[in-house]
2 protein chains.
Amino acid sequence: MMIGELARHSGLSVDTLRYYEKIGLVPPPLRDTGGRRVYDAAALRWLGFLERLKATGLGMRERLRYAELRVRPGVASVRERREMLEQHRDKVAADLQRLTDTLALLDDKVALYRRIESGEVADPVAPMAEAAIGGGAARRRKEVA
Amino acid sequence: MMIGELARHSGLSVDTLRYYEKIGLVPPPLRDTGGRRVYDAAALRWLGFLERLKATGLGMRERLRYAELRVRPGVASVRERREMLEQHRDKVAADLQRLTDTLALLDDKVALYRRIESGEVADPVAPMAEAAIGGGAARRRKEVA
DNA sequence: CTGGGAGCTGGAGCGCGCTCCAGGTCAACA
DNA sequence: TGTTGACCTGGAGCGCGCTCCAGCTCCCAG
């Protein structure tokens with residue numbers, strides 16, 4: 001397939017695809033007689049995997065490193081890729097936990113706002129005099145508006 | 001507390017804190033007689049919440065909007081905040097699903113690499129002749145290296 | 001054989017989210 | 001009273017990850 005079709009299928013722009021090639025994130029594809037890029041299904045699969053790595057927070061630097069390893073033969077390359085994936089796996093697992101926690105927090109806050117909207121509790125708009133009273137370091141300084 | 005202490009507690013840099021204030025993400029704190037910013041515990045809590053919103057993918061634009069609403073009294077503000085949080089909640093829930101899927105994918109890939117490393121299966125280094133044979137659009141074009 | 005659409009290259013530009021700097025003030029401590 | 005270090009402001013700079021552009025070639029339909 002040509003670059004336009006790959007763009008449609010991958011959801012990336014044509015410019016982005018050429019940019020990815022330039023920086024080495026995707027291998028240079030074959031060219032037809034007119035010098036136009038011709039991609040195969042493997043390219044699309046690779047972009048899909050890259051997208052998942054990116055969406056789960058793997059940085060550009062690491063994605064580049066992984067891409068580089070991917071085109072290098074040898075067990076050393078495989079080992080380093082595995083290690084990267086394991087490390088990333090752990091990060092994803094941690095994110096999963098934080099996401100779960102945040103989900104609960106958001107649900108709590110939404111419930112609170114609902115109670116405020118229904119007039120069940122007061123809107124705690126300003127944080128009361130709390131700020132002006134303060135504790136700790138603030139007490140050691142003269143305060144003014 | 002002064003800005004340096006807030007920076008240490010929040011994990012943000014002093015510059016970032018001042019930047020956040022400039023763009024309106026955090027409200028301007030009180031100042032002491034020397035013109036130095038004096039923060040209270042509420043500021044730290046707000047930064048913590050902001051951080052969670054950010055870490056779970058809420059964009060700067062939305063965080064700014066939320067920050068703006070937060071200092072506005074009235075039930076309309078509360079309602080909009082609730083709606084934002086509900087919407088974000090749904091996004092987080094979706095991310096949670098994708099993260100779970102990716103975790104499984106990573107585990108699979110790690111397992112595969114382990115088998116390759118142990119010599120149990122061959123290293124599928126180049127995607128074979130697949131690319132050169134091609135299917136679909138590629139066949140309609142003359143091909144060249 | 002002509003017109004239009006897709007693709008090509010090299011390079012400039014851009015928005016985000018900080019980050020750094022110069023040049024100064026101020027407060028605490030010795 | 002002098003030194004030190006945290007803090008102040010305004011503004012420039014920066015790295016990332018694209019995105020856009022000019023000016024060109026090529027292919028295919030009509």
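We name chains A, B, ... by the order of the sequence lines, and we start the count at 1 in each one.
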Rounded interatomic separation in angstrom, taking CZ from A:Arg31 and C1' from D:dC27: 16 Å
Rounded distance (Å) that lies between atom C1' of D:dG17 and atom CG of A:Leu17: 14 Å
Report the distance from atom CD of A:Glu51 to atom P of D:dG17, rounded to the nearest whole Å. 13 Å
Note: A:Asp95-A:Arg98 ion pair, threshold 4.0 Å (strictly below): yes
To the nearest Å, how far apart are A:Glu62 CD and D:dG17 C1'? 15 Å
Heavy-atom nearest nucleotide on DNA chain C for B:Lys22 versus A:Val14: which residue maps closer to 5'? A:Val14
Is a donor on one side and an acceptor on the other found under 3.5 Å between the side chain of A:His9 and the backbone of A:Glu5? yes
In whole Å, what is the span from the CG atom of B:Leu6 to the P atom of D:dC8? 11 Å
Using whole Å, what does the distance between atom P of nucleotide C:dT9 and atom CG of A:Asp15 come to? 12 Å
Rounded to whole Å, CZ of B:Arg37 lies from P of D:dC8 at a distance of 4 Å
Reading DNA chain C from 5' onward, which residue's closest nucleotide shows up sooner: B:Leu25 or B:Arg18? B:Leu25
With a 4.0 Å cut-off, would you call A:Glu86 and B:Arg114 a salt bridge? yes
Side-chain N or O of B:Thr33 versus OP1/OP2 of C:dA27: is the shortest distance under 4.0 Å? yes
Nearest of D:dC8, D:dC18, C:dG17 to any side-chain atom of A:Tyr20? D:dC18
Ionic contact status for B:Glu68 with B:Arg65, cut-off 4.0 Å: yes
Just N and O in the side chain of A:Lys54: are any of them under 4.0 Å from OP1 or OP2 of D:dC18? yes
Need to verify one output field. Residue with the more 5' nearest nucleotide on DNA chain D, B:Gly4 or A:Ser13? B:Gly4
It should be established whether B:Thr16 places a side-chain nitrogen or oxygen under 4.0 Å from OP1 or OP2 of nucleotide C:dG17. no
Send over the distance from A:Tyr19 OH to C:dG13 C1', rounded to a whole Å. 14 Å
So, OP1 or OP2 of D:dC16: does either fall under 4.0 Å of a side-chain N or O from A:Arg61? yes
For B:Arg37, is there an ion pair with B:Glu21 - N to carboxylate O distance below 4.0 angstrom? yes
